[in-house]
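Here's the structure, in structure tokens; my notes come after.
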Protein chains: 2
Amino acid sequence: MPNSGLDRLDISILEALQENARMPLSEIGRRIGLSQPATSERVKRLEERGIVTGYGARIDPAALGLGMMAIIRIRTTHEHIHPALRAFAEMPHVIEVHRMTGEDCFLLKVQVPSPGQLETIVDSIARFGAVTTSLVLRSEPAKPLGKALLEGA
Amino acid sequence: MPNSGLDRLDISILEALQENARMPLSEIGRRIGLSQPATSERVKRLEERGIVTGYGARIDPAALGLGMMAIIRIRTTHEHIHPALRAFAEMPHVIEVHRMTGEDCFLLKVQVPSPGQLETIVDSIARFGAVTTSLVLRSEPAKPLGKALLEGA
DNA sequence: TCTGAAACATGGGATTA
DNA sequence: TAATCCCATGTTTCAGA
């Protein structure tokens, strides 16, 4: 088990903070049977060790008029890779960029208001190589980390 | 522009909260030129309108021994879809599940400690259909929402 | 565990559209 | 009038000893 020296209490803290990063430390402590200062100390250590890298608000894209999500794969050649990365960084609708093994070099997650906007993005990406676009019909809520570590690893 | 009645200040608040959900309201207010109570009021309204759906900790998977990320696509038939969704929900290493259009019905994002664990997951998914697995070599940091709305939309 | 400091929620009054 | 802001203050939450 490659757990970085985390005990059950640390895992519980991570789960609580993923569920609600604004939960008071006293409340987290109450759940796991620790005092507020002891909980505070553990959270600070999790941050210092680089396990907790920050805290972010969850935002509903649909509520902002970005109700359409798509997955775009790009198959390209080696000399296009770095220009492509720079181009993706400039596109605000491109939310995630992953470089991968396999036939396709890149996988992008984009969040757009309309098919027309998606077309614009696809067109501006096509210069790098062959593009495959899929519309996301439904996404399950993203799963928090934590459980995966306790069971077998 | 399909912005749900958000002005520039609301957008700035969303950006600040995505960067650091624990930023004090007084600090957010200072950045955008508003008092702490006025900022508090706006944040509460963003929550009530369902734009901010929660707050979560960002966790480094590698620091938890889950240093390997993979993208798995599955091509299956209609009768397998709901059993597959239930099965994915039970797999702790499967972080995201998207149902899509196109040849492949599902796209999964998985986070594993080792190739062996990835093999186990692929094997247990293969019963639903044809599986295509790609290892993620590198991911750019996920982009926050906000900018995309101001420019043209 | 306790305490001073920081951050938050609430109510009243002023301003603007 | 309705909305939004600021200021003042009581309460909660945090950090350090």
Side-chain angles (χ1 to χ4, degrees), chain A residues 3-66 113 144-146, chain B residues 1-60 63-64 142 144-151 153:
Chain A
N3 303 13
S4 325
L6 299 180
D7 61 13
R8 207 155 300 150
L9 296 178
D10 290 318
I11 302 286
S12 297
I13 289 173
L14 291 180
E15 289 178 346
L17 285 177
Q18 284 177 98
E19 177 204 328
N20 177 13
R22 292 207 149 176
M23 189 181 300
L25 299 177
S26 55
E27 163 74 10
I28 298 176
R30 196 189 53 71
R31 290 193 185 191
I32 65 180
L34 240 51
S35 72
Q36 174 258 311
T39 309
S40 175
E41 181 62 30
R42 278 177 180 259
V43 171
K44 193 196 294 180
R45 268 189 57 81
L46 290 169
E47 293 170 351
E48 286 168 354
R49 287 202 269 170
I51 295 171
V52 172
T53 61
Y55 304 92
R58 277 188 287 269
I59 301 209
D60 177 11
L64 295 180
L66 297 170
L145 299 174
Chain B
M1 63 156 190
N3 303 14
S4 327
L6 299 180
D7 62 12
R8 206 156 299 150
L9 296 177
D10 291 317
I11 302 287
S12 296
I13 289 173
L14 291 179
E15 289 177 347
L17 285 177
Q18 283 177 99
E19 176 203 329
N20 177 13
R22 293 205 150 179
M23 189 181 300
L25 298 177
S26 54
E27 164 73 10
I28 299 176
R30 195 188 55 69
R31 291 193 186 191
I32 65 179
L34 239 52
S35 71
Q36 174 259 312
T39 309
S40 174
E41 180 63 30
R42 278 174 179 263
V43 171
K44 195 195 294 181
R45 268 189 58 85
L46 290 169
E47 294 169 352
E48 286 169 355
R49 287 201 269 169
I51 296 171
V52 172
T53 61
Y55 304 93
R58 278 189 286 268
I59 300 206
D60 177 11
L64 294 181
L145 299 174
K147 296 269 162 56
L149 298 167
L150 294 172
E151 358 193 319

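Atom CD1 of A/I32 sits about 5.0 Å away from atom CG of A/L9, to the nearest 0.5 Å. To the nearest 0.5 Å, atoms CG (B/L34) and OG (B/S26) are separated by 12.5 Å.
Remark on the helix from C/dT1-D/dA17 to C/dA17-D/dT1: inter-end axis angle 20°, axes from five-pair C1' superpositions, rounded to 10°.
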Step-by-step side-chain contact (heavy atoms from CB on, under 4.5 Å) determination, A/L6 to A/I51: CA-CA 10 Å; A/L6 299 180; A/I51 295 171; 3.8 Å; yes
Worked verdict on A/R49 versus A/R45 for side-chain contact (heavy atoms from CB on, under 4.5 Å): CA-CA 6 Å; A/R49 287 202 269 170; A/R45 268 189 57 81; 3.4 Å; yes
Test log, rule side-chain contact (heavy atoms from CB on, under 4.5 Å), inputs A/L64 and B/L14: CA-CA 11 Å; A/L64 295 180; B/L14 291 179; 4.1 Å; yes
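For the OP1/OP2 pair of D/dG16 and a distance below 4.0 Å, the side-chain nitrogens and oxygens of A/K44 include at least one atom meeting the criterion. At the phosphate of C/dA9, OP1 or OP2 sits under 4.0 Å from a side-chain N or O atom of B/S40. Phosphate proximity of D/dC5 to B/R42: present, with a side-chain N or O under 4.0 Å from OP1 or OP2.
Atom CE of A/M23 is separated from atom C1' of D/dT12 by 16 Å (rounded to the nearest Å). Going from atom CZ of B/R8 over to atom P of D/dT4 covers 17 Å, rounded to whole Å. Computed from coordinates, the B/D7 CG to D/dA3 C1' distance equals 12 Å when rounded to whole Å. A/L25 has its CG atom 12 Å from the P atom of D/dG16, to the nearest Å. We find that CZ of A/R22 is positioned 18 Å from P of D/dT12, with the value rounded to whole Å. For the pair B/Y55 OH and C/dC8 P, the interatomic distance rounds to 11 Å; values are reported in whole Å. Put simply, CD1 on B/I32 is 13 Å from C1' on D/dT4, counting in whole angstrom units. With rounding to whole Å, A/E41 atom CD is found 10 Å from D/dA15 atom C1'.
Listed nucleotides D/dC5, C/dA9, D/dC14 differ in distance to A/P24; the shortest reach to its side chain belongs to D/dC14. Relative to the side chain of A/P37, the nucleotides C/dT1, C/dA9, D/dC5 differ in distance, and C/dT1 lies closest.
Residue order along DNA chain C, read from the 5' end via each residue's closest nucleotide, puts A/A38 first among B/E27 and A/A38.
At a cut-off of 3.5 Å, with distance as the only test, a side-chain donor of A/E47 or A/Y55 sits close to an acceptor on the other residue.
A side-chain contact (heavy atoms from CB on, under 4.5 Å) with B/L25 is found for exactly one of B/E41, B/R42, B/Q36, namely B/Q36.
Among the protein residues, A/Q36 comes within range of the nucleic acid bases, having at least one heavy atom under 4.0 Å from a base atom.
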